Amino acid sequence: MRKYLVMAMRTPRFDSAVIEPHQQWLGEVRSRGQLVESGKFTDGTGGAYVITAESLDAAQELVRTDPIHTTGSSELTVYEWEITG
C-alpha cells in the first residue's frame, strides 16, 4: 500500500451542508483502514487528508466518491506521497 495526500480546496459552490456527509465518508474510509489522518485549514479554504491505496488510480477512484467532490463543493487533487521523515 502507498500513501496519497489529498488536497481539498473549496470552490465557489461550497455548501456547509456537505461537511457532515464528508465526515461520515471519512469515518467509513477510516473503518476500512485506509484513512491515515485528516484535517481542515484554519483559513477556511479547505483541508487535506492522507489515504492508503494500491495505486494512484485506486486512490483517485476512492476520492471521487467523497461527498465534497460529488457535490462540487471542493476540488480534490491526489498526490502520491513519499514521506521521508
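Note: hydrogens, waters and symmetry copies are ignored here, and every other heavy atom, side chains too, is used. FYI, the numbering just counts along the sequence from 1. Just so you know, these numbers come straight off a predicted model, no measurement behind them.
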Closest contact, heavy atoms only, Trp25 versus Thr65: NE1-OG1, 2.9 Å
Check: Thr11 side chain, Arg13 main-chain N or O, donor-acceptor pair, under 3.5 Å: yes
Linked, directly or transitively: Met9 and Trp81 (ILVMFWY side chains, under 4.5 Å): yes
Minimum-distance pair of heavy atoms, taken over all atoms of Ala53 and Met1: C-SD, 3.5 Å
Gap between atom CD1 of Ile68 and atom CD of Gln23 - 0.5 Å precision: 9.5 Å
Same apolar cluster (I L V M F W Y, side chains within < 4.5 Å links), Phe41/Val78: no
Side chain to side chain contact (heavy atoms under 4.5 Å, CB included) evaluation trace for Val50 with Leu35: CA-CA 6 Å; Val50 178; Leu35 180 65; over 6 Å; no
Distance, nearest 0.5 Å, that separates CD of Glu28 from CG of Leu62: 10.5 Å
Ionic contact status for Arg2 with Glu80, cut-off 4.0 Å: yes
Working for side chain to side chain donor-acceptor pair (under 3.5 Å), residues Asp57 and Ser55: CA-CA 5 Å; Asp57 287 341; Ser55 66; 5.2 Å; no
Heavy-atom closest contact (Val18 atom, Pro67 atom, distance): CG2-O, 3.5 Å
Whether Arg64 side chain and Thr70 backbone form a donor-acceptor pair below 3.5 Å: no
Cluster check Val36, Leu26: I/L/V/M/F/W/Y, side chain < 4.5 angstrom: no
Leu5 reachable from Leu56 in the ILVMFWY side-chain graph, under 4.5 Å edges: no
Approximate separation, where rounding is to 0.5 Å, of His22 NE2 and Lys40 NZ: 11.0 Å
Gln24, CD: over 12 other non-hydrogen atoms inside 6.0 angstrom: yes
Least distance between heavy atoms, Thr52 atom then Gly33 atom: OG1-O, 3.7 Å
Cluster check Val6, Ile19: I/L/V/M/F/W/Y, side chain < 4.5 angstrom: yes
Any donor-acceptor pair under 3.5 Å from Gln34 side chain to Val29 backbone: no
Point-to-point distance, once rounded to the nearest 0.5 Å, from CD of Glu37 to OH of Tyr49: 13.5 Å
